[in-house]
Colleague: 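So that we are looking at the same thing, I have put the structure below in structure tokens.
Counting starts at 1 for both ligands and their atoms, in listed order. One is the number of the first residue; the rest follow in order along the sequence. What you are looking at is a predicted structure, and each value in this text was computed from that prediction instead of being measured.
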Amino acid sequence: MRIVKYPHPALRYKCKPLARVDAELRSIVQRMFELMYAHKGIGLSANQVDLPYRLFVLNPSGDPAATDQQMVFINPVILRRSGSQEDEEGCLSFPDIFAPVRRPNQVTVVAYNLEGNEVTCEFQGLTARAVQHEYDHLDGVLFIDRMSPGALLSIKQELAELELEFAGQRRQGLIPDDKQIAARLRQLEMLRA
Ligand code: ZN
């Protein structure tokens, strides 16, 4: 398992609901947490690791020792959003790129946890920001889509560099073509539908 970087097509994939929680899913979640901590992130979505599922993990502290702050969201739905906040935001699929993004300050989310129980929670501030960022990923929406034209302009060069890097890796045969990526995601999706 590895984190895919912009503009990998998996990041634009609309993830599909998971039908069950089992040992394999628990092991996927475990590996996602490990990758997230290794890259000093606070959240990671399934399509960021090239998996087509409505699943993301979060630890707002970013501290692997703070296991009490680890959260798993399976088939999440945002029920309510309110308020407004603007802050610098980053994404593990856009290494070293940070820019301001405006989002609601408070969200209420319902999701299944790893025990298969439905849980409703309210979050605010940084955690609400991270929840919305990861939730967007599941719909194929990226933080660059939420930026003001000015913020987007400020990172234009870095985005162009990521696009060049991706094209280079493709030419070297390190990344399959769009059709192969889509076919693999659909196959994985059917395994867990
Ligand atoms: Zn992200």
Side-chain angles (χ1 to χ4, degrees), residues 1-18 28-64 66 69-78 81 84-107 109 111 121 123-148 151-163 165-166 169 175 181 185 188:
M1 187 186 279
R2 61 182 191 90
I3 297 177
V4 298
K5 289 192 242 171
Y6 171 83
H8 193 288
L11 297 172
R12 291 299 186 186
Y13 200 78
K14 285 189 179 26
C15 294
K16 303 302 182 299
L18 282 157
I28 288 173
V29 165
Q30 182 59 40
R31 281 184 289 155
M32 284 174 68
F33 272 120
E34 286 163 12
L35 263 183
M36 181 188 88
Y37 292 131
H39 290 85
K40 311 233 175 296
I42 63 168
L44 189 64
S45 69
N47 51 345
Q48 283 184 283
V49 293
D50 208 7
L51 293 174
Y53 311 129
R54 296 195 78 78
L55 157 74
F56 64 82
V57 300
L58 212 72
N59 183 337
S61 74
D63 178 1
Q69 291 192 55
Q70 279 190 175
M71 291 178 270
V72 179
F73 296 77
I74 298 166
N75 302 343
V77 175
I78 295 185
R81 306 173 195 246
S84 178
Q85 55 163 325
E86 189 178 73
D87 213 340
E88 290 271 304
E89 207 170 295
C91 177
L92 293 180
S93 294
F94 296 75
D96 304 319
I97 296 181
F98 298 91
V101 180
R102 178 166 291 282
R103 295 187 185 273
N105 190 45
Q106 214 160 8
V107 287
V109 190
C121 284
F123 302 102
Q124 45 187 333
L126 174 68
T127 311
R129 169 175 297 282
V131 164
Q132 293 172 86
H133 176 111
E134 299 310 327
Y135 185 86
D136 269 353
H137 270 301
L138 305 184
D139 289 329
V141 174
L142 299 170
F143 76 149
I144 51 173
D145 305 332
R146 302 278 187 204
M147 283 176 195
S148 69
L152 200 54
L153 194 64
S154 73
I155 59 163
K156 203 175 158 211
Q157 185 58 37
E158 285 109 310
L159 290 180
E161 281 164 23
L162 281 177
E163 285 162 14
E165 189 188 328
F166 183 81
Q169 286 173 345
I175 296 170
I181 289 172
L185 288 169
L188 285 170

Colleague: Show every donor-acceptor pair shorter than 3.5 Å between a side-chain atom in residues 93-102 and any protein atom, with sequence neighbours excluded, or say none if there are none.
Modeller:
from, atom 1, to, atom 2, distance (Å)
S93, OG, V4, O, 2.8
S93, OG, Q48, NE2, 3.0
R102, NH1, S84, OG, 2.6

Colleague: Could you tell me which non-hydrogen atom of I181 sits nearest to which non-hydrogen atom of A10, and how far apart they are?
Modeller: CG2-N, 4.4 Å
Colleague: Charged N to carboxylate O under 4.0 angstrom, D136 versus R103?
Modeller: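 Judged by the 4.0 Å cut-off on N to carboxylate O distance, D136 and R103 do form a salt bridge.
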Colleague: With a 4.5 Å cut-off on side-chain heavy atoms, are V49 and I28 touching?
Modeller: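 I28 does not reach V49 side chain to side chain.
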Colleague: Does Q124 use its side chain to pair, donor to acceptor, with the backbone of N105 at less than 3.5 Å?
Modeller: no
Colleague: So which protein N/O/S atoms does the Zn ion (ligand 1) have within less than 2.8 Å?
Modeller: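 Listed by chain and number, the atoms are C91 SG, H133 NE2, H137 NE2.
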Colleague: Are any side-chain N or O atoms of R81 and backbone N or O atoms of V107, one a donor and one an acceptor, separated by less than 3.5 Å?
Modeller: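 It does not hold such a pair.
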